[in-house]
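Only one structure is covered here, and it is reproduced in the block below.
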Amino acid sequence: MDPNRAAASTASSGRPRDGVGHPPDFPAGLRVLVVDDDPTCLKILDRMLRKCLYDVTTCSRAAVALAMLRERKGAFDLVLSDVYMPDMDGFKLLEHIGLEMDLPVIMMSADDGRDVVMKGVTHGACDYLIKPVRMEALRNIWQHVVRKRRNELKELEHSGSAEENDKQKRALDDGDNASSASEVSWKNVKRRKDGKEEEEEIEEREDPSTLKKPRVVWSVDLHQQFVAAVNQLHVDKAVPKKILELMNVPGLTRENVASHLQKYRLYLRRLNVPQNQARLDTPYTGASEATFHSVGSFDGLDIQSLAVAGQFPPQSLMALNSEPRRITTTGIGLSSVDQIGFNPSAQMANASNIRPAMMQQMSNKQLNFLSGPSSSMESGLLGQSQQPVPSYGNMGLRVSDGASGFFSLPSSQRTSTSFSGGTINANMTNSLVMQMTRQGQQFSLSQQQNRIHINMPQQPQTRGQLPNAIAAEHDSRLSTTMGHQILSNEVSRHGSGRCGSNMNVCTSLPEGYMNASSYGAVSQALYADFSNSCMNESTGSSYPLATGAGATTFTSTGMLQDAFPPVGNVEALGNSTSLKGVDFVPDYDLLSEVHQSKSRDWKLQNINISYQLAQQLGSKQSNIDFGSSLLAHQDPIATIKDESSRNTCIVRKETFSVRTDIEREKGECIAQCNSTILVENSVRVKAEGMSDLSYQGGLFDGNIIQNELMDVVGKKQQEGIGQVDPEFNFDGYSLDDIQGAVQKR
Amino acid sequence: MEYSSLQRQVAYMKKGLFDQGYLDEQFDELEELQDEASPNFVEEVVTLFFRDSSRLMANIEQALERCPQDFRRLDSYMHQLKGSTSSIGALRVKNECTKFREYCDQEHLDGCQRSFQKVKREHAVLKQKLESYFQLLRQIGPTERATRSGS
């Protein structure tokens, strides 16, 4: 007894459409995406769903699923996913989907332990099925789609326009097959869940209108904007209305923002873990943390941003932040990434390449990623120091402490990196940071793109990891420079709200971007602060990373994002080779600036976020960065250019609008955004000589750069970035990727 | 409807498998999914299962030899195996998998080894029984199969 009513039953007919109700034969034709690594289960589910007359698409890898979802937004109504999968944790996938596509997701598992089920619920799953799944259970899954639509409509209605309420209300009602009683109660429940704001809506049922509520897709850019706004208002005090005003995005309703805010908060809570606090603020022991603060703060922010980007598992970011001084571990900040949950292990280690230089400044911890010289990257990367992007509070500066390793800034800028703020001693990274700060202003988000494309060519497979590998090689280059640039710009910008987000972005990016994995971490940290600044487009610039050395091209945009002024950092990352062009130095000023501005909240948070993003980016995109990694080789700065501009910058664009154009070219814009960063990678700078940046291709496998960045980047780059694991999910997002990427070495 | 002797044999065999606990109701679910559109669905799934599970078991075996202390890995492999076995209704194998996981929890290596041998044995036995079952089924024509009453 299928619910479908009509005889028409071809699976593909009558797709339920939002707004008005559903097609007459609904739920037949419901477009379901099933993700399960077990071929036996997948086959059985496929058959069962087809029997229910649904339109089924199967997938055995989460990364592929995420890519599919990203590519064809709106092509699916519902996702069914297994919890335990080898390539990605089902919960991470769940978070990603929730943030990016906002589709109803149903989890499945043979594990019926209370904790696991609870985890599913808290991560936002609409339902949790115990395997073996029976046909009856599948027959009713359509109800989740309907319910979600109704709630969305409600939100929409409420958002500000009174008149809309009447219309919208419930066009969906028509389609509901479920018993209305249950619906009502669901609604109530959902309402409560969705947020207080919607309370008033529930009861109203206006006449169904044909108004269809378009589902708001929280693109990376949009999310960046959101995060920026939230950070501006301060995360605890942010109210949807104000956020909406700050964001100033036409067509966005308060309801959209409200529900997104809810998710975001949940995400932060998850991420949030101790790390943030620890690090971020800790001023560099060596360096003048001041500047890095931005970075640090970035952490917090970035993470968020990153988180938002969906890519980074918040945790990663957190990880980044939390460790303040880890940086020493050359391991590029990524280590924090590790913490986050990434799979960093492999990658990050490689990521070490990513040259912590990047902005790892972030406080050692974070910097871990970048930990300077490519070599450090390797080790550092993930393995090392988990130092999650040290909360930027110190941002970048921290780097000096531990990071010195990270930021392999070739020029050993060490310590003295004049970062305006804190002297990012961390070896080069500081310079990056500095740059970033300086650039902060400049880093219009676009820069971030340049990011650190840590092209960790090596890692081609590592899904997110790419960056590490690549990063290792290139990384330093790109990201740092970019990061710096961007960061600095951003940082300075900071005020713009975006910056804030940028920072986040950065942070996130670095992680992700760094995908080189290693960078990611680093970048993240760095970026965190920088993120604000980082985002600056300047990415292209600094990348001294081009250091060719294998530069840790961190391109991982992720790197840039965060604290690291992409520019500066990148270099650091890239390769231990003296950050070539490390232009960062000048940026340091930016950093300091950035710090100032940033230092606030970002701190750990950003970092985390950034990492996450980075991770995500990294993972997903690995490409992105790697693309950037390009730069690393050649001219650090130059490379960043265009390559990145392509994709990644995009992400940022919106949020930061800052220089997006700049970045584009730079490609680096990694900072851009958390998400964009990844994208940028593709743009990467590679263009330059980096050719070896292999990141391009190898790294990314084309993995599903999870977040938009990824897509962007991926598309652009397609280079090889594949690695980017869609991991950016919160759980340990992409850090893995980043790490991987970074690890490159 | 009248059953030919072949059909009766098949029904009898199936009943035996259920009574002895080799299969559970999930297997019935699979049979329900079979129809004119997918006439050999159950056999296809079972074949797929045995192929995939053999691979998993080889991994477990290897893990037991190389890194026996890595209980988390062993548990994770076994979790996967358990998921597949439960989805086709292989009850006995599933039960042995559960026991194996319990030993993993207790980090009882010896228990794991023994339990794994049992898993392998049950797996082999089931494979053999299902092979004869399907062989018999193939002798019955498709139409007959469709009218075959479930157990």
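Remember, predicted model here, so these are calculated numbers, not experimental data. We name chains A, B, ... by the order of the sequence lines, and we start the count at 1 in each one.
Within a 6.0 Å sphere centred on CD of A:Glu136, other residues, nucleotides and ligands contribute more than 12 heavy atoms.
For chain A, the nearby part of B:Glu25 is the side chain; its heavy atoms alone come within less than 4.5 Å. Only the side chain of B:Leu30 comes within contact range of chain A, judged by heavy atoms closer than 4.5 Å. Interface remark: B:Gln80 contributes backbone and side-chain atoms alike to the contact with chain A (heavy atom separation under 4.5 Å).
In this structure the side chain of A:Asp38 reaches within 4.5 angstrom of the side chain of B:Asp52, judged on heavy atoms. Counting heavy atoms from C-beta outward, B:Thr85 and B:Phe49 have side chains that approach closer than 4.5 Å.
Contacts with chain B were tallied for A:Leu45, A:Asp37, A:Ile44; A:Ile44 has the most, counting heavy-atom pairs under 4.5 Å.
For the residue pair A:Thr57 and A:Arg31, no side-chain donor N or O sits within less than 3.5 Å of a side-chain acceptor on the partner.
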